[in-house]
Number of protein chains: 2
Amino acid sequence: MNKNCTVYKTMDFVGKKWTVLILLEIFKSKDNTKRYSEIKNSIPEITPKVLSTRLKELEEKEMITKSIDTKEFPISCEYSLTDQGEDFLKIVQKIKEWTLKWNIKNPHCESEKCKDCKF
Amino acid sequence: MNKNCTVYKTMDFVGKKWTVLILLEIFKSKDNTKRYSEIKNSIPEITPKVLSTRLKELEEKEMITKSIDTKEFPISCEYSLTDQGEDFLKIVQKIKEWTLKWNIKNPHCESEKCKDCKF
DNA sequence: CCGGATCCTCTGCGATACTG
DNA sequence: CAGTATCGCAGAGGATCCGG
């Protein structure tokens, strides 16, 4: 076991605070696309600095793509899940199932559809 | 979305540095049980403070159980996976599969059996 | 206005040394 | 052997500012 370990490398990345929740927010949109401000409003606790850092990291890892529309005003930046990113949401689903199975009685989370995360 | 979100709560916990790797190390033992020093030696980069903190957290969340044998010397502490903790390893397996599918060419990780993490 | 960048503070992790 | 004590630093949080 060392830092070349596959599991280590992935956890060192997706385990960072807010990363999974950002992916989840983008996934929850109708077309797997969301604007910076929409993500920000969906996760009020996140600070703009951390959000932009995470978005850059996700883009670097090819989990999301960024497209900028400078022609209209105000400028709009849209972030979309790649196939890789979308595939990762299956793991997030497994995590949710595991949590509901073992952990909890989360009154905000009714069987399948979470009141908060809508996932 | 807020801090009651099921996914948030779980990620906020298992996303902490080293947590998943500690579970993985205990799982790799023959009887799902490992001593403090064995875990420490398997993950040389972890510091004793962080390891003991993580072990306490995992115990609190009922992912592992701790048993102390004070009768012999030196004292031996054994950490074992609970059913809940063992079930979580299925998610870790999914994470590994996802990484190998999308990310990669990890020369340390050959198809199924990783040279480093043996998982 | 939107999408950040900047500045500051504070928590968490790493490194080393030491103890019941 | 299985941890704690102490210190230092990088990264997260909070508030504010800024270019297009």
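Below, chains carry the letters A, B, ... as their sequence lines are ordered, and counting in each starts from 1. Heavy atoms only: backbone and side chains are in, while hydrogens, waters and symmetry mates are out.
If you check every strand for non-hydrogen atoms under 4.0 Å, B/Thr53 touches nothing. Heavy atoms of A/Lys16 sit nowhere under 4.0 angstrom from any nucleic acid atom.
Looking at B/Ser76 and B/Tyr36, their side chains never come closer than 4.5 Å, going by heavy atoms from C-beta outward. Within the 4.5 Å cutoff, the side chain of A/Trp18 has heavy atoms near those of the A/Ile43 side chain. Contact check for A/Glu97 versus A/Trp102: no side-chain heavy atoms found under the 4.5 Å cut-off.
In this structure, B/Trp18 places its CH2 atom 11 Å from P of C/dC13, rounding to the nearest Å. If you measure from atom CG of B/Leu51 to atom P of D/dC1, you get 14 Å, rounded to the nearest angstrom. As a whole-Å value, the separation of A/Lys17 NZ from C/dT11 P is 12 Å. For the pair B/Ile22 CD1 and D/dG3 C1', the interatomic distance rounds to 14 Å; values are reported in whole Å. What separates NZ of A/Lys40 from C1' of C/dC1 is a distance of 16 Å, to the nearest Å. Whole-Å rounding puts the A/Tyr8 OH to C/dC13 P distance at 12 Å. For B/Lys56 and D/dA2, the NZ to P distance is 14 Å, given to the nearest whole Å. Distance B/Lys34 NZ to D/dA2 P: 13 Å, rounded to the nearest Å.
When each of B/Ile75 and A/Tyr79 is assigned the nucleotide of DNA chain C with its nearest heavy atom, A/Tyr79 is the one assigned upstream, toward the 5' end. Comparing B/Arg54 and A/Leu55, the nucleotide of DNA chain C nearest to each residue sits closer to the 5' end for A/Leu55.
B/Glu78 has no carboxylate O lying under 4.0 Å from a charged side-chain N of B/Lys66, or vice versa, which leaves the two without a salt bridge. Salt bridge present: A/Lys28 and A/Glu25 bring a charged side-chain N and a carboxylate O closer than 4.0 Å. Under 4.0 Å is where a charged nitrogen must lie from a carboxylate oxygen, and between B/Arg35 and B/Glu38 no such pair does.
Side-chain proximity of B/Ser52 to the nucleotides D/dG3, D/dG13, C/dC2 is greatest for D/dG3. Considering only the side chain of B/Tyr36, D/dA2 comes nearest among D/dG13, C/dG3, D/dA2.
Checking the phosphate oxygens (OP1, OP2) of C/dG3, a side-chain nitrogen or oxygen of A/Arg35 falls inside 4.0 Å.
Of all the heavy atoms in B/Tyr8 and A/Leu21, the pair that sits closest is CD1-CD2, 3.2 Å.
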I'd like a list of close polar pairs between nucleotides 14-17 of chain D and the protein, N/O only, cut-off under 3.5 Å.
none

